[in-house]
Amino acid sequence: MKLFILSDELAGNGPVWMNIFWPHYTAYADSVPTVLMSTPYRAPGAGRVGSHWLDWQETRAHGERLCDMVRAERDPAGPNILVVWAINHRDIMRARLLAPVWDLFDVTVLWILDTIHPAHTKLDFIKRFDTIASICGDIGKDFETATGLPVIYMPPHTDVLRHAATGDYRPLDLLVIGRRYTALYKPIHFHFNTPEQKRFSLDMVTRTRNFAGSAEDECQLLMGAYARTKISFCFEPSNAHPRFKGYSPMTERWPHSWASGCTVVGKQPTGRGAADQMDWPEATIELPEAPEDAIEMVEALLNDTDGLHKRRLRNVAEAARRHDTRRRFNTLLQELDLPIPERLTDGLQRLDRMSQDLFEEAA
């Protein structure tokens, strides 16, 4: 078996959110021989002519190289699986670079990793794929209706075996990364950062104007911060950006927080399938709408050392049991009726042992 992943480069010249895909790659590569095929990130061209021009340039610069990689790396015994990571229309259309070798793959999967909607791309091209995987149950249903292709719900995930953290050293009291419900979060953040407070609330980014690293480096900064944090904020995203179109999927912040042993506070997503991904007690502690009530609740949580410890163990245990990338890969292979590689089986067994040990410790 050989897994081929088509993606933007993970060298650090693409969007900052590429850092969340690094642990996906490490878990796949730990489970099966994996070939990461990539092209440098580029911003979309201006207008249709500009886009066609950039597509032509990319084909000339990278098409032959990528096709040669497939011919050289494919497993003669098979199966050879192509997964196209897509966070926008351009990522989907980049798969055209592989047209000369498309028939060398036994299975082709379009993995929609963000809020791409059927209206955002060319459905005739998507129909060349064998199946679609989507992080959002509602968007997945839209694609199933629009294309007639089978769609597998694949909620967000991370490499829990690599990044699990249960240690008690948590100098950061509160952490938010990325999307937030500003009306509630802002007064909490400022309250806990006043000079008289003996708390540390961090609003973090992994890339600044003065620093940019590879996806691996930025992932380490991201997960290192979570691992030193008592409480992280996760807010459902339906109103955060127009691209969500009112949908409310679980996002990567939840698996990152759980795997790192954080207590999660905020607002739970309401989209299709999301509730089933976080149905254990206090997986997400809902904050009151009134900032003063939310501050009081957060303060009580921070003062409850025993509760923080128990949730830490339970959340990591549940992340290992449910939200490791190997779990998603195993589901994909089962849905495609493909054999489970020995290395993947070994990883799943390690996750089972980790989860069971933590459940017993938390009891």
Checklist entry - Does the side chain of M204 reach to within under 4.5 Å of the side chain of L175, using non-hydrogen atoms? => result yes

Next on the checklist: Any non-hydrogen side-chain atom of M37 less than 4.5 Å from a side-chain atom of I5?
Outcome noted: no

Checklist entry - Looking only at heavy atoms, which two atoms of W254 and P269 are closest? And how far apart? => result CZ2-CD, 3.4 Å

Checklist entry - Going through the distances and angles, do D352 and R327 end up as a salt bridge (charged side-chain N to carboxylate O under 4.0 Å, His left out)? => result CA-CA 11 Å; D352 289 341; R327 304 289 190 193; 2.8 Å; yes

Checklist entry - Are any of the side-chain heavy atoms of I116 and F143 separated by less than 4.5 Å? => result yes

Checklist entry - Is there a path of hydrophobic side-chain contacts, each under 4.5 Å between heavy atoms of I, L, V, M, F, W or Y residues, that connects F192 with L308? => result yes

Next on the checklist: Can you give me the closest heavy-atom contact between G178 and R253, atom names plus distance?
Outcome noted: CA-NH2, 3.5 Å

Checklist entry - Quick one: does W258's side chain get under 4.5 Å of W280's, heavy atoms only? => result yes

Next on the checklist: Is there a salt bridge (charged side-chain N to carboxylate O under 4.0 Å, His left out) between K267 and E289? Walk through the geometry before answering.
Outcome noted: CA-CA 10 Å; K267 296 294 181 182; E289 288 289 339; 3.2 Å; yes

Item to check | Sidechain-backbone polar pair: T147 side chain, L149 backbone, donor-acceptor under 3.5 Å | outcome: yes

Next on the checklist: I need the single residue from D159, L161, V160 that forms a side chain to side chain contact (heavy atoms under 4.5 Å, CB included) with H163. Which is it?
Outcome noted: D159

Checklist entry - At their closest point, which heavy atom of A165 faces which heavy atom of V316, and how far apart are they? => result O-CG2, 3.6 Å

Checklist entry - How long is the span from the CG atom in N80 to the CG atom in D75, to the nearest 0.5 Å? => result 5.5 Å

Item to check | R326 side, atom CZ; R350 side, atom CZ - distance, nearest 0.5 Å | outcome: 6.0 Å

Next on the checklist: The test is side-chain contact (heavy atoms from CB on, under 4.5 Å); show your working for L313 and N315 and say whether it passes.
Outcome noted: CA-CA 6 Å; L313 298 177; N315 286 352; over 6 Å; no

Next on the checklist: Using 0.5 Å steps for rounding, measure from the CD1 atom of I112 to the CG atom of N88.
Outcome noted: 11.5 Å

Checklist entry - Any donor and acceptor pair, going by atom type alone, linking the side chain of W111 with main-chain N or O of S134 inside 3.5 Å? => result no

Next on the checklist: Using the rule given for side-chain contact (heavy atoms from CB on, under 4.5 Å), can you reason through M154 versus L332, listing the C-alpha separation, both sets of side-chain angles and the distance that settles it, and then say yes or no?
Outcome noted: CA-CA 8 Å; M154 290 288 190; L332 178 67; 3.6 Å; yes

Item to check | L82 vs V107 side-chain heavy atoms within contact, under 4.5 Å | outcome: no

Next on the checklist: If you compare all heavy atoms of A362 against all heavy atoms of K310, which two are closest, and at what distance to 0.1 Å?
Outcome noted: CB-O, 4.5 Å

Next on the checklist: Please tell me whether I177 and F200 are part of a single hydrophobic cluster in this structure, the criterion being side-chain heavy atoms less than 4.5 Å apart.
Outcome noted: yes

Checklist entry - Hey, are the side chains of M93 and T121 touching, using non-hydrogen atoms and a 4.5 Å cut-off? => result yes

Checklist entry - Can you find a heavy atom in the side chain of M1 that is under 4.5 Å from one in the side chain of P339? => result yes

Item to check | Side chains of T325 and H157, donor plus acceptor under 3.5 Å | outcome: yes

Item to check | Within 6.0 angstrom of D304 CG, more than 12 heavy atoms from elsewhere | outcome: yes

Listed pairs under 3.5 Å, donor-acceptor, residues 125-132 side chains, sequence neighbours left out:
residue : atom : partner : partner atom : Å
D130    : OD2  : T108    : N            : 2.8
D130    : OD2  : T108    : OG1          : 3.2
T131    : OG1  : P150    : O            : 2.9

Next on the checklist: Using the rule that Ile, Leu, Val, Met, Phe, Trp and Tyr join whenever any side-chain heavy atoms are under 4.5 Å apart, tell me whether L222 and V176 fall into a single cluster.
Outcome noted: no

Next on the checklist: Is there a path of hydrophobic side-chain contacts, each under 4.5 Å between heavy atoms of I/L/V/M/F/W/Y residues, joining V265 to L184?
Outcome noted: yes

Next on the checklist: With ring-ring contact (aromatic ring centres under 6.0 Å, His included) as the rule and sequence neighbours excluded, what pairs involving residues 330-362 come up?
Outcome noted: none

Checklist entry - Is R311 salt-bridged to D306, cutoff N-O under 4.0 Å? => result no

Checklist entry - Hey, does the side chain of R170 reach the backbone of K230 with a donor-acceptor pair shorter than 3.5 angstrom? => result no

Next on the checklist: Testing the basics here: between L36 and S7, what is the closest heavy-atom pair and its distance to 0.1 Å?
Outcome noted: CD1-CB, 4.2 Å

Checklist entry - When you look at CD of Q334, are more than 12 heavy atoms from neighbouring residues, nucleotides or ligands closer to it than 6.0 Å? => result yes

Checklist outcome for this item: CG (L348) and CZ (R343) are apart, to the nearest 0.5 Å, by 13.0 Å

Checklist entry - With no hydrogens and no angle check, is any side-chain donor or acceptor of N19 less than 3.5 Å from a backbone partner on V16? => result yes

Checklist entry - Is it true that D68 and R65 have a side-chain N and a carboxylate O under 4.0 angstrom from each other? => result no

Checklist entry - Are the side chains of E236 and Q268 in touch, meaning some heavy atoms are under 4.5 Å apart? => result no

Checklist entry - What about L344 and V83, same hydrophobic cluster or not, with Ile/Leu/Val/Met/Phe/Trp/Tyr joined at side-chain heavy-atom distances under 4.5 Å? => result yes

Item to check | Pairing residues for E299 by the salt bridge (charged side-chain N to carboxylate O under 4.0 Å, His left out) criterion, not counting sequence neighbours | outcome: R199

Item to check | From OH (Y25) to CG (L3), nearest 0.5 Å | outcome: 10.0 Å

Checklist entry - To the nearest 0.5 Å, how far apart are OG in S257 and OH in Y226? => result 4.0 Å

Checklist entry - So, S355 side chain and L351 main chain: donor-acceptor pair closer than 3.5 Å or not? => result no

Checklist entry - Between T115 and Y247, does a side-chain contact (heavy atoms from CB on, under 4.5 Å) hold up when you go through it step by step? => result CA-CA 9 Å; T115 51; Y247 286 158; over 6 Å; no

Next on the checklist: Looking at every non-hydrogen atom in both residues, tell me the closest pair between H323 and R328 and how far apart they are.
Outcome noted: ND1-NH2, 2.8 Å

Next on the checklist: Determine whether R162 and D30 satisfy the following criterion, salt bridge (charged side-chain N to carboxylate O under 4.0 Å, His left out), listing intermediate values before the conclusion.
Outcome noted: CA-CA 10 Å; R162 187 177 298 263; D30 187 52; 5.7 Å; no

Next on the checklist: Just checking E360: does its CD atom have more than 12 heavy atoms from other residues, nucleotides or ligands closer to it than 6.0 angstrom?
Outcome noted: yes

Checklist entry - So, the side chain of T345 versus the backbone of P341: is there a donor-acceptor pair under 3.5 Å, distance only? => result yes

Checklist entry - Between Y28, F105, W102, W85, which is the residue that forms a ring-ring contact (aromatic ring centres under 6.0 Å, His included) with F4? => result F105

Next on the checklist: Between R94 and D91, is the salt bridge (charged side-chain N to carboxylate O under 4.0 Å, His left out) condition met? List the steps.
Outcome noted: CA-CA 5 Å; R94 175 172 43 207; D91 291 341; 2.9 Å; yes

Next on the checklist: Tell me whether R90 is salt-bridged to D8, with the criterion being a basic N under 4.0 Å from an acidic carboxylate O.
Outcome noted: yes

Next on the checklist: Using modelled atom types and a 3.5 Å cut-off, is there a donor and acceptor pairing between side-chain atoms of R179 and backbone atoms of F235?
Outcome noted: no

Next on the checklist: Any side-chain to backbone donor/acceptor pair from T206 onto E218? Under 3.5 Å, distance only.
Outcome noted: no

Checklist entry - For H189 and S201, does a side-chain donor sit closer than 3.5 Å to a side-chain acceptor? => result yes

Checklist entry - Does D168 CG have over 12 foreign heavy atoms under 6.0 Å away? => result yes

